[in-house]
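Input: a single structure, listed below in structure tokens.
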Amino acid sequence: MSTILVANRGEIACRILRACNEAGYSSIAIYADNDANSLFVELATTSVRLEGESIAETYLNQNQILKIADQYGADAIHPGFGFLSERADFAQAVIDAGISWIGPSSKAIEMMGDKMTARTTMKAAGVPVIPGEEIEEDDEHEALIAIKSASERVGFPLLLKASSGGGGKGMRVVNSSEELDDAVSGARREAIAAFGDGRVYVERLLSGAKHVEIQILADTHGRIIHLGERECSIQRRHQKVFEEAPCPTMTPDLREKMGQAAILAAQAVDYVGAGTVEFLLASSGEFFFLEMNTRIQVEHPVTEMVTGVDIVREQLRISEGEPMSCGELSIRGHSIEVRLYAEDASNNFLPAIGPLVVFKPPVGPGVRLDTGVREGDEVTPNYDPMLAKLVVWAPSRSEALQRMRRSLEDFVVLGTTTNLRFLRELCDQEDVINGSTDTTLIDRAWPYGWSPNISNSLSEAALMVAGISEGSGKHRKSNSSDASIDNGPISPFSTLSRRYP
Amino acid sequence: MSTILVANRGEIACRILRACNEAGYSSIAIYADNDANSLFVELATTSVRLEGESIAETYLNQNQILKIADQYGADAIHPGFGFLSERADFAQAVIDAGISWIGPSSKAIEMMGDKMTARTTMKAAGVPVIPGEEIEEDDEHEALIAIKSASERVGFPLLLKASSGGGGKGMRVVNSSEELDDAVSGARREAIAAFGDGRVYVERLLSGAKHVEIQILADTHGRIIHLGERECSIQRRHQKVFEEAPCPTMTPDLREKMGQAAILAAQAVDYVGAGTVEFLLASSGEFFFLEMNTRIQVEHPVTEMVTGVDIVREQLRISEGEPMSCGELSIRGHSIEVRLYAEDASNNFLPAIGPLVVFKPPVGPGVRLDTGVREGDEVTPNYDPMLAKLVVWAPSRSEALQRMRRSLEDFVVLGTTTNLRFLRELCDQEDVINGSTDTTLIDRAWPYGWSPNISNSLSEAALMVAGISEGSGKHRKSNSSDASIDNGPISPFSTLSRRYP
Amino acid sequence: MRYEFRIDGEVVEVTLSKVDDIWSLSGNNASILPDGRIRLVSTDGSVFFAHSAKVGDTWWIHIGGHTFCIDHIEPGAAEEDEGSGLTAPMPGKVLQVLVEVGQRVEAGQPLMILEAMKMEHRIVASQEGSVSEIYFSEGDQVQQGVPLLELSIS
Amino acid sequence: MRYEFRIDGEVVEVTLSKVDDIWSLSGNNASILPDGRIRLVSTDGSVFFAHSAKVGDTWWIHIGGHTFCIDHIEPGAAEEDEGSGLTAPMPGKVLQVLVEVGQRVEAGQPLMILEAMKMEHRIVASQEGSVSEIYFSEGDQVQQGVPLLELSIS
């Protein structure tokens, strides 16, 4: 391997491109027109424009990406997460083109990608799975009948999930049979739009359970290890917002049991590379296989912080056919990641857009920011609203929480609504402080939706700042005649217009 | 302890203030007028102006600082490094005022601060010391006679060091007896100016040796531990520029021996808190006590990165009378720190000044920046020219070096000359790559001084960029009528005038 | 100096005084730093460093770990007529139209489903009424802020 | 467009051509990014992102991990007369004056010792000659760039 094409964008493309640069590889970034000025484009040795407009024409366009790989001499492709990362056909096409696929075999992707096959395989391998039923019917009407019948056996509350899905798309909680019709059609519609496959399956909803996942690494020399767990229970709209390692209620015994189950799961599909086996951990201590993500994960940094393993760098090594370089598992301290979303947490987490007029991340020891954006960038509705991941490490969980609070207060983002304050107040929730985190935490904490806790005196201070800003001439328009300067370096004195008024 | 006064400035004040904030303490910053807009002033709960102009009237003004501590209710003082951190009389005055001194007893500072007492104490405690002689004479003429006589017994090359000094001030290498007169008067002059004490001592210069130091921590419950070593051999003008942990040639055996010697040294002065015992490590494997720094050190972050101990946080705990929270020593991966100085490395490291028109630190996993400055600040000749410390961590030394190279190339500082490029090329020195670092490395690598290695095509590209910048109107003056905006947010388009033309 | 702002839907008048470079408001004092931030000393002595930036008529302000959006109301500007139109919260595509013109709807009833950023968003009736206009049909792209349908309130 | 610059003491003429938003110079092409940086594609296809900022007449440029200081020479500006004066490299205090007016000195001979940033700096003779003027005495504060003494070259 000498040249690695990164078939992704945003923060994960930045993360991978930096790893490629540091490891001495040439790197190729690919970008759609609306990403021409994005950070990741600058981090690659070579950046190649993708023709087309929609995601399907660009980042999901297998043929175009393979053509670029060939034309620019890429001998490996790193898919990141999302996009083509779990497309078995793409993995196979890459391998068939004589290019290294930085990930597991297409067979492993396929078996884990289809939730039904995955469940069957896991059952056979002796990995515990959640009570639930697979719905094979593809036709809308037949599927509904089958789901109704399954729901009677599985019981409410239940979860509908897209068979070939992930990331919360096509997922619905159904509390009673009356809600079933609506939920099925919504879930199927989203699943078809996102994955081109409307099949769903029905699963018992284990309320009060923790979402705990095990990071695994497997090399081509037959070595397969786990790097301990991450807890990612705190979710909104079925998307993780707060992730940590280790899980606050984990015991060394249970870690070893879950780690061994994850290794069994990986072995069942002859896994190679980095992957994550997700489990639901019930308060009883029982755990159930949820799914395996056959790629790098958004929340991989918390594992890196506590284990000292550079997971992306190990992916590169494994793809080179080298043995992985990390030794035995040792966990040190505590790490927390929060996801910075452009969204309005006080309005049902509605995605937001706008210019990042000011974007000043926190600094200091034990603070890591994985970002795909920088000051002056524009948040558009074209892609996922996740802007960055703020990660902290500290010797203990309480110190990590303290550091996260400080970091969230120091983080300044102006011009686009973000969930910063929501995350900050999340850190003060009693259940977060004492580690009683489960997947229902946000709903329990704010049953009627979240709104910020603001003192009158702070509002008054903010109004005073607005008055001073207005009165001090900070608002006057830039009157430069040079177009390239009008869009120029974003300062508190620039006046921007939203592109989407 | 509820309110901690930080009697320092710059990056170490920022480091300590953040630790105070995260640990839930109120903090007080003190600042001279020329620091009124400095970063550290903003990080404290309360910031108090120091009256006076010179350093002696401000940061070294014990009475004024004690008065502020009393007036604002500080119940502890953290001295950082430099300034009053190793002034035994100040430590005692703080304790006498009923305020906690975050450091060892004044007795310990005194014993270690006077190099002669320190040597005697170490000899008695069985810690090996460098062959050398203590010169007690204070009078210039008598001192010279005594030094001449001592030099005959110690032999050339030798080192003159300020008895109460540190940081390379008042230090001279003397290669032959002809150089002695000049060196003695220069060393004494600098020592008197810096420490008010002209006494020097004469020490055999161990060329080819490594500078290796052991970090220790001692709490008030009788526990005393070492956190392994740092190697800081690479120095220019006797000041460290490149520090790493662990030392690349260290063995577990030697680490334990040196660690135990450091603990003996600390025990000999009933040490409490964080401290560092510096050794010279000869290529034979013998090591000799150099001095003990009775305070936090500039290069403490590399130890934090590999051991996972937050040393400043432990200082606070120890001062509270709590047992330290860290467990057994475990070293993971490799960490390197370089010191970013405002200086002209191609002109004998002459300190530089100017505006930090652009200051963009590198980012990414495993990169930590401890800085006291930010974009828009001015580097003045009032203080030490160290601007920031760039620290990287990676699983292995070679990966850490790769990360450091990438980080140094990504670091953009415009408006003030820095040693960034020097540090970058330092990382490519064969002796640095293979760990054969000793205190003579920089002199050996660049016997006639360093100058950057620039390709013609890059110079041409730079000229082209200058032409485009000049031609695109980037140079036109800001023509705002509002004074507060003229000094405003520093953008690539602003035109600044040096304050020192 | 007197300004009118809208914060959280409420219109507030702010009257500042200024002596030399110090601005004051009911015991709080503030000054502008060389880098454009505002240093505010509140009545209880605590110090805040505020960032501010203007986008359109809106001041974005970061202070004390909170971010505020405060609209400046230009002197003499007419209050916006919010009407009973239901507008697109962000650019996206109309996935489904769930009602017809003339249909009676209850408060909270879903009227339209938009897709944006790969997620579905429901447009729901803000109050009881009947649908008087529908401006888009399935598959249409809509820009942020455009009216999607109109309700006449009964 | 033609500009004159001084780089490393050497005067260089730079002639740029510009078509639309693309600047060119002997096969290198460059354009200005929205954030003010310059994207440069060199003849061998490698891409650089350059930062630039001007302080006085000097362009500070970061490109390819290097930082350059390039002085712009205003058209028609007279060349500076560097003379044989020895100037203060930075603000500081005169610690010692080692020579007298009229004294002959060799190249490299120390003439004065300055203290700045707590370090000593020697001012040495750039060439052989005799001291014609001394502008400061011990204890004086000096500003950066001011002449300290004058040599007449023999």
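Model, not experiment: these values are computed from the prediction. By convention in this document, chain letters (A, B, ...) are assigned in the order of the sequence lines, proteins followed by strands, and residues within each chain are numbered from 1.
- A side-chain contact (heavy atoms from CB on, under 4.5 Å) with Pro365(A) is found for exactly one of Met305(B), Arg313(B), His300(B), Arg368(B), namely Arg368(B).
- Using a 4.5 Å cut-off on side-chain heavy atoms (C-beta onward), Arg18(A) and Val363(B) make contact.
- Contacts with chain B (heavy atom to heavy atom, under 4.5 Å) involve these residues of residues 401-409 of chain A, listed by number: Gln402(A), Arg403(A), Arg406(A).
- Side chains of Glu22(A) and Glu399(B) form no contact here, defined as non-hydrogen atoms less than 4.5 Å apart.
- Contact annotation for Ser398(B): neither backbone nor side-chain heavy atoms come within less than 4.5 Å of a heavy atom of chain A.
- Contact of Val392(B) with chain A is not made at all, since no heavy-atom distance falls under 4.5 Å.
- With a 4.5 angstrom heavy-atom cutoff, Arg332(B) touches chain A via backbone and side-chain atoms both.
- For Ser330(A), the parts lying near chain B are the backbone and the side chain together; criterion is any non-hydrogen pair under 4.5 Å.
- Of all the listed residues (Thr307(A), Asp410(A), Val309(A), Asp370(A)), the one sharing the greatest number of non-hydrogen pairs under 4.5 Å with chain B is Thr307(A).
- Highest contact tally toward chain B, considering only Pro395(A), Gly333(A), Gly308(A), is held by Gly308(A) [criterion: heavy-atom pairs under 4.5 Å].
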